[in-house]
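Notes to accompany the following structure.
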Amino acid sequence: PNNTENIDNLFDLIMSSALGHSYMGETVSESFLVIEDAIQKMKEEFEERSKPTNIETNEKKKGRDSKINPKEETEIKIKNDSIIPLCTIDELKERLAKDYPTFEISKDDNKIKQQLRFLHDWGECVYFSEPESLSNLIIVDPKFLVKGILADLFRSENNVASKRENGIVKHSDLSFIWSQFKDLSKSDSLCSNFLSILEKFGVCFVVNEDKEKPFKEQRTIIPSLLPDKSSSSSSLFNQQLNEKFDRIWPKMKPFDQPIEIERIVKFDPTVPDELVSRLLVLVHSMIQEQLVWKNDVVLFKKGENIQSYI
């Protein structure tokens with residue numbers, strides 16, 4: 001068969017999807033272009049600062065156990081603190097005032113946030129106006145999220161993989177997984193923001209029961225790394241989950257309560273595994289007693305006394 005026979009149809013579908021975005025056809029303001037240019041310059045500066053310095057090169061040549069003088073150590077720490085492509089709304093406004101003195105900066109942060117949401121949709125930066133903890137932060141280089149955050153979280157080395165065993169990561173281990181940030185000021189706050197951003201992308205979520213605990217005592221679940229309910233029954237972790245499931249989910253139908261008709265939804269095999277992971281992240285607030293596997297979950301809706309096994 002001709003492998004190119006549907007190319008025209010595919011092209012039309014791609015163009016239709018791209019032109020169907022809500023922001024298409026909207027007028028681009030001068031402030032949008034200025035903010036876009038400022039973020040692009042900041043991105044280039046971060047990339048330049050992330051290149052190895054002579055100090056770091058000499059340190060590697062000497063070996064990890066060699067000592068460097070205090071001045072060099074201070075310079076390395078300052079440099080490491082500056083290679084994170086992250087800035088706040090106030091820092092962006094300061095940059096605009098410095099580089100674009102004739103541009104009238106809006107005193108309304110909501111207008112700036114609106115422009116940042118557009119740039120996020122266009123892939124120029126990473127920005128979320130919700131939750132409030134993220135509304136003041138901008139990742140000016142989206143590649144950093146993939147290469148600097150996700151890549152380290154999913155590293156295949158045994159010493160890292162063991163820290164996310166059964167799809168659960170203790171926050172006390174994040175300084176080991178994201179070791180490049182452990183010496184930075186407010187590293188816990190930084191890691192917390194990274195986890196919140198990953199949750200927005202459907203990668204992980206904080207265990208509901210842990211949210212009121214201190215950050216170091218919390219745990220995060222990565223649904224894509226959770227064991228399968230049926231095939232991992234030999235593991236102690238899965239045995240404990242199944243025992244809890246037997247206690248929570250009734251073996252017999254409770255005839256004195258209304259029963260919802262069972263529904264079985266089968267997805268096409270081409271549906272990516274990430275879809276299930278994203279769904280679990282979206283409904284994680286309703287997960288009952290951490291009863292969640294890679295493809296199964298028990299949900300409980302408070303207030304309405306509705307329990308579901310999916």
Side-chain angles (χ1 to χ4, degrees), residues 18-53 55-56 74-152 178 180-181 183-201 203:
L19 295 174
H21 284 291
S22 59
Y23 50 74
M24 295 302 294
E26 293 189 13
T27 303
V28 177
S29 64
E30 180 187 5
S31 61
F32 175 87
L33 297 176
V34 171
I35 292 174
E36 180 185 27
D37 187 60
I39 286 180
Q40 181 60 38
K41 288 181 179 179
M42 294 170 73
K43 184 189 305 183
E44 293 171 356
E45 292 170 3
F46 280 123
E47 289 175 350
E48 183 65 26
R49 285 201 293 266
S50 66
K51 294 178 181 178
T53 63
I55 295 175
E56 290 171 312
T74 300
E75 289 182 30
I76 290 175
K77 285 185 177 180
I78 292 173
K79 178 181 179 299
N80 286 339
D81 195 48
S82 65
I83 63 172
I84 302 177
L86 186 73
C87 74
T88 64
I89 298 290
D90 288 339
E91 288 170 341
L92 175 61
K93 291 165 71 173
E94 290 175 6
R95 182 60 182 262
L96 292 172
K98 175 184 176 183
D99 292 354
Y100 308 89
T102 60
F103 173 69
E104 184 177 350
I105 302 172
S106 173
K107 294 182 180 180
D108 185 0
D109 285 356
N110 289 327
K111 291 185 178 179
I112 294 178
K113 291 177 180 180
Q114 182 184 32
Q115 308 292 3
L116 290 171
R117 287 195 293 269
F118 280 133
L119 289 171
H120 171 91
D121 291 339
W122 288 10
E124 295 296 328
C125 67
V126 175
Y127 176 76
F128 294 100
S129 56
E130 295 179 353
E132 187 176 351
S133 59
L134 294 181
S135 64
N136 192 42
L137 298 176
I138 311 157
I139 295 181
V140 300
D141 187 358
K143 294 194 298 292
F144 169 76
L145 187 64
V146 178
K147 296 181 178 180
I149 303 303
L150 274 175
D152 285 343
W178 291 326
Q180 68 271 42
F181 309 124
D183 294 327
L184 302 184
S185 57
K186 300 181 180 179
S187 62
D188 285 355
S189 176
L190 191 63
C191 289
S192 177
N193 288 328
F194 289 155
L195 290 175
S196 295
I197 291 172
L198 292 179
E199 181 179 327
K200 298 291 285 188
F201 283 105
V203 175

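Just so it is clear, the values below take in all heavy atoms, side chains as well, and ignore hydrogens, waters and symmetry mates. Position 1 is the first residue of the sequence; numbering continues from there.
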Less than 4.5 Å apart, side chain to side chain, heavy atoms only: is that true for [X] and [Y]?
X	Y	result
Asp109	Lys93	yes
Glu124	Lys43	yes
Leu116	Ile39	yes
Ser31	Lys111	no

Open item on the list: Nearest 0.5 angstrom please: Gln114 CD to Tyr127 OH, how far?
Closed with: 11.0 Å

Open item on the list: So, taking the atom named CZ in Phe118 and the one named CD in Glu36, what distance separates them when rounded to the nearest 0.5 Å?
Closed with: 12.5 Å

Open item on the list: For Ser192, is there any backbone N or O sitting under 3.5 Å from a side-chain donor or acceptor partner on Ser196?
Closed with: yes

Between [X] and [Y], what is the shortest heavy-atom contact and its length?
X	Y	value
Ala38	Tyr100	N-OH, 3.4 Å
Leu92	Met42	CD1-SD, 4.3 Å
Leu195	Trp178	CD2-CH2, 3.9 Å

Open item on the list: So that I can tick it off, tell me whether Asp37 and Lys41 are bridged by a salt bridge, with the cut-off set at under 4.0 angstrom between side-chain N and carboxylate O.
Closed with: yes

Task: Lys113/Glu130 salt bridge by N-O under 4.0 Å criterion - done: no

Task: Worked check of side-chain contact (heavy atoms from CB on, under 4.5 Å) between Leu86 and Phe46 - done: CA-CA 9 Å; Leu86 186 73; Phe46 280 123; over 6 Å; no

Side-chain atoms of residues 134-152: list all donor-acceptor pairs with protein atoms under 3.5 Å, sequence neighbours left out, distances to 0.1 Å.
| unit_1 | atom_1 | unit_2 | atom_2 | d |
| --- | --- | --- | --- | --- |
| Ser135 | OG | Glu132 | O | 2.8 |
| Asn136 | OD1 | Ile89 | N | 3.3 |
| Asp141 | OD1 | Lys143 | N | 3.2 |
| Asp141 | OD1 | Lys143 | NZ | 3.3 |
| Lys143 | NZ | Glu47 | OE2 | 3.4 |
| Asp152 | OD2 | Gln180 | NE2 | 2.7 |

Open item on the list: Assess the residue pair Arg95 and Glu45 against the criterion (salt bridge (Lys or Arg N to Asp or Glu O under 4.0 Å)); give the C-alpha distance rounded to whole Å, side-chain angles, the decisive distance to 0.1 Å, and a yes or no.
Closed with: CA-CA 13 Å; Arg95 182 60 182 262; Glu45 292 170 3; 2.5 Å; yes

Task: Partner residues of Phe201 under the ring-ring contact (aromatic ring centres under 6.0 Å, His included) criterion, sequence neighbours left out - done: Phe128

- [ ] With sequence neighbours left out, write down each residue that passes side chain to side chain donor-acceptor pair (under 3.5 Å) with Glu44, or none if nothing qualifies.
- [x] Gln40

Open item on the list: Show, in sequence, the C-alpha distance, side-chain angles and deciding distance for Ile84 and Leu190, and conclude whether the side-chain contact (heavy atoms from CB on, under 4.5 Å) test is met.
Closed with: CA-CA 10 Å; Ile84 302 177; Leu190 191 63; 3.6 Å; yes

